[in-house]
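We name chains A, B, ... by the order of the sequence lines, and we start the count at 1 in each one.
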Amino acid sequence: MTQTSIQSQEHHKRPGNLLAQDFYAREALVVARELLGAFICKDDIVLRITEVEAYRWPGDSASHGRFGKTARNEALWGPAGHAYVYICYGIHAMLNLVTNEEGEAAGVLIRSCDVVHGLEAVLKRRRAQSDPMLLAGPGKVGQALALSKSDSHHPLFAPGGIEVRRGARANKILTGPRVGIDYSDEKDRLAPWRFALADARAVTARHALK
DNA sequence: CACAGGATCGTT
DNA sequence: ACGATCCTGTGT
């Protein structure tokens, strides 16, 4: 076997273990906090989750579930532990991890990540220089992973494709209101449902967190 | 079938 | 502060 073929078969060890489906089958607020520090893996790319938001229907006028089940948001109503990817402003692919029980439209939006592995591929897709804020923002995370809405329904607890793996427990967590939901009721606009790792660089609108 | 607007981002 | 860019959900 040649040197190049050996290298091409070499896979880096992926961190942690796959998070099981029942990890996701709990309240979005609980799952959101515990997802901080976890790893998202796809192909050769490994990202560490640094910022998330919880959305939950019923009871949350900011949630995509607010209009009921539609073709677009169907995955959000399905069983926990699957992906819900939607296109925002016609451009950005936003990754959510479905939580709660089937029949509730709840999930966690992945807002920011650090790149743990596969920086070259991420830089190419982002067309950017290396930067601690490289993946600060949900559209950037979607771009790094080359997501599209056809990734909706993908099981994140099963090996292959996009996987989510357990990370270190969060040291300190910052909390604050969610971003970009001016259309929602005041109670939901102000609800502290955004979470970030206090010691992470890649976090959006940090001033609004504490 | 028209229309308003969006869980954003990069530039000005 | 604004335009990109397109699809969704709503109203007629």
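Residues satisfying the ring pair (Phe, Tyr, Trp, His ring centres under 6.0 Å) criterion with A:H117, sequence neighbours excluded, are A:H12. Scanning for salt bridge (Lys or Arg N to Asp or Glu O under 4.0 Å) contacts around A:R125 gives an empty result, with sequence neighbours left out. Applying the salt bridge (Lys or Arg N to Asp or Glu O under 4.0 Å) criterion to A:E163, with sequence neighbours excluded, gives A:R14, A:R165.
Between the CD1 atom in A:I181 and the CG atom in A:D188 there is a gap of 7.0 Å [rounded to 0.5 Å]. Here OG of A:S61 is found 10.5 Å from OH of A:Y55. Values are rounded to the nearest 0.5 Å.
Legend: ring-ring contact (aromatic ring centres under 6.0 Å, His included) pairs involving residues 26-51 of chain A, not counting sequence neighbours: none detected. Annotation: ring-ring contact (aromatic ring centres under 6.0 Å, His included) contacts involving residues 127-156 of chain A, sequence neighbours excluded, are absent. Each ring-ring contact (aromatic ring centres under 6.0 Å, His included) pair with one or both residues in residues 156-206 of chain A, not counting sequence neighbours, appears once here: A:H82-A:F157.
For DNA chain C, if you chain together Watson-Crick or G-U pairs that step i with j, i+1 with j-1 and so on, the runs of at least three with distances under 3.5 Å are B:1-6 with C:6-11, B:8-11 with C:1-4.
Side-chain atoms of A:T50 and A:D114 form no donor-acceptor pair, as typed in the model, at a separation below 3.5 Å.
Within residues 55-70 of chain A, the residues approached by DNA chain C to less than 4.0 Å at the level of any non-hydrogen atom are A:F67, A:T70, in residue-number order. Of the residues in residues 74-101 of chain A, A:Y89, A:G90, A:I91 come within less than 4.0 Å of DNA chain C through at least one heavy atom, sorted by number. For DNA chain C, none of the residues of residues 178-206 of chain A falls under the heavy-atom distance limit of 4.0 Å.
Inter-residue side-chain proximity for A:V141 and A:I49 is flagged as unmet; no heavy-atom pair is nearer than 4.5 Å. A:K210 is not listed as a side-chain neighbour of A:L174, based on a closest heavy-atom distance of 4.5 Å or more. Side-chain atoms of A:L29 and A:R56, non-hydrogen and from C-beta on, never get closer than 4.5 Å to each other.
With hydrogens and angles ignored, the 3.5 Å screen pairs a side-chain donor or acceptor of A:D60 with a backbone N or O of A:A62. Between the side chain of A:R169 and the backbone N or O of A:N171, no donor-acceptor pair lies under 3.5 Å. Between the side chain of A:R48 and the main chain of A:G37, no donor-acceptor pair closer than 3.5 Å is present. In terms of modelled atom types and a separation under 3.5 Å, the side chain of A:E53 and the main chain of A:R111 share no donor-acceptor contact.
Note that the first and last nucleotides of DNA chain B, 5' to 3', having any atom under 4.0 angstrom from a heavy atom of chain A are B:dG6 to B:dG10. Read 5' to 3', the first and last nucleotides of DNA chain C with an atom closer than 4.0 Å to a heavy atom of chain A are C:dA4 to C:dT10.
Residue A:D151 forms a side-chain contact (heavy atoms from CB on, under 4.5 Å) with just one option from A:L95, A:V85, A:L145, and that option is A:V85.
If you take atom P in B:dG5 and the same atom in C:dC2, they sit 16 Å apart, rounded to whole Å.
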